[in-house]
Amino acid sequence: MDSYEKSLQTLELPSVLALLAAQAVSETARANAMALRPSGDRAVVETRLGETSAAAGMMVVKGSPSFSGVKDVRAALQRADMGGALNTRELLDIAGVLQAARAVRGYGTGDRQDKTCIDYLFSALQANRYLEEKIFTSITGEDEIADSASSELASIRRLIRAASARVHDALQKIISSPSYAKALQEPIITTRSERYVVPVKAEHKGAVPGLVHDVSASGATLFIEPMAAVKANNELRELRAREKTEIERILAELSAECAAHREDISSDFDVLVRLDLIFAKAKLAYRMQAWAPLMNDQGRVDLRKARHPLIDPKKVVPISVRLGSDFDTMIITGPNTGGKTVTLKTIGLLTLMAECGLHVPAGDGSTLSTFDAILADIGDEQSIAQSLSTFSSHMRTIVDVVEQCDDRTLVLYDELGAGTDPAEGAALAVALIEFSRKMGSRVVATTHYAELKLYAMRTAGVINASCEFDVETLKPTYRLLIG
């Protein structure tokens, strides 16, 4: 895992993507949400944010469109295209996609005056109501084909019902006849091997002439098909074979029609999944009370009342922070558990969220920049297995970070130089910050070292910030003070 991928984990982007995935409806959109990656291209990011804003605006007016019928039908369509017959479940899934495409297209192309950047997606949906209704009227359940699926099937089923009635009549005479009462285990009609039979006591098997189809586990009961029912049962069996053949023909015909429209249906599926993800972003923005930030690609960050999205909204203390305008480096000091690391993570995570097209939980007018990479060295990554101390582990991460530093990088250092001799640690920290700045990176670092505070005071382009501490209550307020 390279240092950028590792930084995505450190800054907890996967946890935010999991919240996004929970807002998506279709399995494919959920998988796409988890696979979402930030983009360093400002145009791409602004397009993504514009899509989220458009969906959020539409949701305010008329709620979210329904994506409940969107199942992945690509494999089924491919098999149909190769001449395979699809089963009822696969055909119902395809009809579900067509139904969703029609409903979502109607949602997006209805009576609206305002134009949005996602209108073309709604227009790209190609509803096929004829095929959708043909499947739904032919298949009434996962294992149930309607009589109306074809005139031949309706005719066969009428004959089946008539033959079945004749068998029941013949067997009803036997089970209700006093002469057979002694021989029957119970006066009921049951089935064995798809043939109607009656349960006869083993000791009276000669009393009911016919074919034995089964014996009970105890051997006390024989399931006999009386001779009076054999002819009608044979007829029923032939009719059921014809019914099965006709059902297979109907499924093959529906499959061929789906194959004929394969490209349109696949395109509908892709567009629906994309819209599902866009509206999931809008739903997450609503849940987080988030807004679209203004974007630039010059490394300017100006967050107003920004909240870390993974901290309870009732407990999180908003921070306001800026970077890249009058200074390119910020050194944050403050007490332990005072909020320094959360500040670092908030800056990094909100930037990554914006680059994924997600609105960020910050005040209106907040500004973020795109970066090619956000590199973070945060937390204790001591490894006993690899014989790495806390300091060694940090150094290994920092080596990876400085190798990638350039003017399109945001670097976040937590407790830089900690874990070794304070004088040496402070000197190392200053050298690393200077090197990162020289390469053009934007840098935010947290520290306890007084030397770093002095360095910030004496160096142009570097500013001190602190996480406020209330001296009266001896508790941190978690507010960030710059300057």
Side-chain angles (χ1 to χ4, degrees), residues 76 79-80 83-92 95 134-259:
R79 206 167 74 254
L86 305 182
N87 61 36
T88 51
R89 180 69 268 157
E90 291 168 322
L91 287 164
L92 285 172
K134 187 170 182 182
I135 293 172
F136 278 137
T137 53
S138 298
I139 305 170
T140 51
E142 196 158 324
D143 294 307
E144 199 175 334
I145 306 293
D147 290 5
S148 57
S150 78
S151 56
E152 175 69 7
L153 184 64
S155 171
I156 292 168
R157 285 184 171 168
R158 272 197 306 274
L159 294 172
I160 285 174
R161 286 191 286 273
S164 184
R166 287 197 296 277
V167 175
H168 271 87
D169 287 345
L171 296 181
Q172 191 64 41
K173 286 176 185 171
I174 291 171
I175 64 172
S176 56
S177 169
S179 55
Y180 290 112
K182 206 173 179 181
L184 296 175
Q185 193 71 266
E186 284 180 88
I188 59 167
I189 300 167
T190 184
T191 56
R192 288 294 184 277
S193 306
E194 294 187 354
R195 296 178 80 89
Y196 289 105
V197 294
V198 290
V200 178
K201 293 174 185 171
E203 63 270 25
H204 294 288
K205 64 179 179 181
V208 182
L211 307 173
V212 178
H213 283 282
D214 199 7
V215 182
S216 67
S218 64
T221 306
L222 303 178
F223 295 93
I224 294 176
E225 178 186 0
M227 293 310 292
V230 170
K231 186 180 175 186
N233 261 331
N234 286 343
E235 191 183 341
L236 256 180
R237 192 160 212 159
E238 285 174 30
L239 287 167
R240 287 201 175 114
R242 280 177 61 193
E243 179 191 36
K244 187 182 175 188
T245 303
E246 178 59 12
I247 286 171
E248 286 170 357
R249 188 198 67 75
I250 290 164
L251 295 179
E253 183 184 282
L254 290 171
S255 302
E257 288 209 41
C258 291

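Throughout, numbering of the chain's residues begins at 1 and tracks the sequence.
- Under the side-chain hydrogen bond (donor to acceptor under 3.5 Å, both in side chains) criterion, Ser218 pairs with Ser216, sequence neighbours left out.
- Atom CG of Leu91 and atom CD1 of Ile139 lie 4.5 Å apart (nearest 0.5 Å).
- When all heavy atoms are compared, the tightest approach of Ala170 to Ala228 is CB-O, 4.1 Å.
- Side-chain contact between Arg195 and Val230 is present, with heavy atoms from C-beta onward closer than 4.5 Å.
- Put simply, the side chain of Glu238 never gets that close to the backbone of Glu235: no donor and acceptor are under 3.5 Å apart.
- For Arg237, the side-chain hydrogen bond (donor to acceptor under 3.5 Å, both in side chains) criterion is met by no residue, not counting sequence neighbours.
- In terms of heavy atoms, Ala252 sits closest to Ala85 at CA-CB, 4.2 Å.
- A distance of 11.5 Å separates CZ of Arg240 from CD1 of Ile247, quoted to the nearest 0.5 Å.
- Put simply, the side chain of Ser138 never gets that close to the backbone of Ile135: no donor and acceptor are under 3.5 Å apart.
- The two residues Leu171 and Ala229 come nearest to each other via the heavy atoms CD2-CB, 3.8 Å.
- Summarising the geometry, atom CZ belonging to Arg166 is positioned 8.0 Å from atom CG belonging to Leu236; distances are rounded to the nearest 0.5 Å.
- Remark: the backbone N or O of Ala80 is not paired with any side-chain donor or acceptor of Ser255 at under 3.5 angstrom.
- In this structure, Pro187 and Ile175 approach most closely via the heavy-atom pair O-CD1, 3.5 Å.
- Summarising the local packing, CD of Glu203 is surrounded by more than 12 heavy atoms from other residues, nucleotides or ligands at distances under 6.0 Å.
- Scored by the salt bridge (Lys or Arg N to Asp or Glu O under 4.0 Å) test, Asp147 finds Arg157, Arg161 as partners (sequence neighbours excluded).
- In this structure Arg242 satisfies the salt bridge (Lys or Arg N to Asp or Glu O under 4.0 Å) test together with Glu152, sequence neighbours excluded.
- In this structure, the separation between CZ on Arg79 and SG on Cys258 is 11.5 Å, given to the nearest 0.5 Å.
- With sequence neighbours left out, the ring pair (Phe, Tyr, Trp, His ring centres under 6.0 Å) criterion links His168 to Tyr196.
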Chi angles and distances behind the salt bridge (Lys or Arg N to Asp or Glu O under 4.0 Å) call for Glu246, Arg249 = CA-CA 5 Å; Glu246 178 59 12; Arg249 188 198 67 75; 2.8 Å; yes
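- Checked against Asn233 for a side-chain contact (heavy atoms from CB on, under 4.5 Å), the options Val197, Val167, Leu211 give a single hit: Val167.
- Summarising the local packing, NZ of Lys201 is surrounded by more than 12 heavy atoms from other residues, nucleotides or ligands at distances under 6.0 Å.
- Expressed to the nearest 0.5 Å, how far CD1 of Ile145 lies from CD of Glu248 amounts to 10.5 Å.
- Separation of atoms CD (Gln172) and OG (Ser177) is listed at 11.5 Å; rounding is to 0.5 Å.
- Inter-residue side-chain proximity for Glu253 and Ile250 is flagged as unmet; no heavy-atom pair is nearer than 4.5 Å.
- The two residues Arg192 and Thr190 come nearest to each other via the heavy atoms NH1-OG1, 3.7 Å.
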Does the pair Leu184 and Val200 meet the rule for a side-chain contact (heavy atoms from CB on, under 4.5 Å), with working shown?
-> CA-CA 4 Å; Leu184 296 175; Val200 178; 4.1 Å; yes
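- Among residues at least two apart or in separate chains, there is no ring pair (Phe, Tyr, Trp, His ring centres under 6.0 Å) pair with a member in residues 206-254.
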